[in-house]
Amino acid sequence: MPESNSFFNDVYEVVRLIPPGRVTSYGAIARYLGSKNARVVGWAMNGANAADVPAHRVVNSVGILTGAQAFDPDNNMEDRLRKEGIEVRANRIVNFKSVFWDPSLEL
DNA sequence: ACCATGACGGTGT
DNA sequence: GACACCGCCATGG
């Protein structure tokens with residue numbers, strides 16, 4: 001597990017703090033951790049799939065479920081979000097602004 | 001140390 | 001709102 005003692009671990013910690021029914025963006029997490037690169041956050045989420053992290057609550061700045069491909073077909077991202085009361089349409093969160101949760105602002 | 005890759009973001013058109 | 005570009009930096013080979 002290369003993630004231990006790493007930047008990835010901090011990412012997981014923040015994602016775990018996202019309230020149910022809310023979502024955040026890769027960039028928001030990156031800024032909160034002091035990093036300027038949102039891609040690294042996405043890279044971290046690639047491994048978060050196996051870890052106990054609500055990765056389905058992390059989307060890009062536009063509200064698109066860019067990481068849906070990384071989820072299992074029966075455990076897909078879109079369904080999990082709908083289950084929490086989030087409106088999803090065509091792989092995109094409809095009321096994105098309403099459910100957006102900024103860690104550096106609300107944490 | 002160099003290079004390619006990537007669940008991204010901001011700006012301009 | 002959609003699309004094309006360019007910059008960003010952690011990891012792995």
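What you see is a predicted model; the values in this text were computed from it and never measured. Chain letters run A, B, ... following the sequence lines, proteins first, then strands; residues in each count from 1.
Residue contacts for A:A30: at a heavy-atom cut-off of 4.0 Å it reaches no nucleic acid atom on any strand shown. Note on A:N60: only backbone sugar-phosphate atoms sit closer than 4.0 angstrom, heavy atoms only; bases stay farther off.
The interatomic distance linking A:F100 (CZ) with B:dG9 (C1') rounds to 12 Å, in whole Å. One can place CG of A:N49 at 10 Å from C1' of B:dA7, the figure rounded to the nearest angstrom. Separating the CD1 atom of A:I64 from the P atom of B:dG10 is a distance of 14 Å, rounded to the nearest angstrom. Residue A:N91 contributes atom CG, which lies 14 Å from atom P of B:dA7 at whole-angstrom precision. At whole-Å resolution of the value, CG in A:D72 and P in B:dA7 are 17 Å apart. Distance CD (A:E78) to P (B:dA7): 19 Å, rounded to an integer number of Å.
In this structure, A:R92 places its CZ atom where only 12 or fewer heavy-atom neighbours from other residues, nucleotides or ligands lie under 6.0 Å away. For A:E13, the CD atom counts as loosely surrounded, since its 6.0 Å shell holds 12 or fewer non-hydrogen atoms of other residues, nucleotides or ligands.
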### Task
Apply the test salt bridge (Lys or Arg N to Asp or Glu O under 4.0 Å) to residues A:R22 and A:E106: give CA-CA distance (whole Å), side-chain angles for both, the deciding distance (0.1 Å), then the verdict.
CA-CA 12 Å; A:R22 307 290 298 278; A:E106 314 211 32; 3.4 Å; yes
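With P as the reference atom, C:dC8 and B:dG12 are 16 Å apart, rounded to whole Å.
A salt bridge (charged side-chain N to carboxylate O under 4.0 Å, His left out) check over residues 59-68 of chain A, counting only residues at least two apart or in different chains, returns nothing. Counting only residues at least two apart or in different chains, salt bridge (charged side-chain N to carboxylate O under 4.0 Å, His left out) contacts with residues 52-76 of chain A comprise A:R16-A:D52, A:R57-A:E84.
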Taking N or O atoms only and anything under 3.5 Å, show me the protein contacts with nucleotides 6-10 of chain C, one pair per line.
unit_1: C:dG7; atom_1: O6; unit_2: A:R39; atom_2: NH2; d: 3.4
unit_1: C:dC8; atom_1: O2; unit_2: A:N37; atom_2: OD1; d: 3.3
unit_1: C:dC9; atom_1: OP1; unit_2: A:K36; atom_2: NZ; d: 3.2
unit_1: C:dC9; atom_1: O4'; unit_2: A:N37; atom_2: ND2; d: 3.1
unit_1: C:dC9; atom_1: N1; unit_2: A:N37; atom_2: ND2; d: 3.4
unit_1: C:dC9; atom_1: O2; unit_2: A:N37; atom_2: ND2; d: 2.5

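Distance alone, capped at 3.5 Å, is enough to place a donor-acceptor pair between the A:Y12 side chain and the A:A44 backbone.
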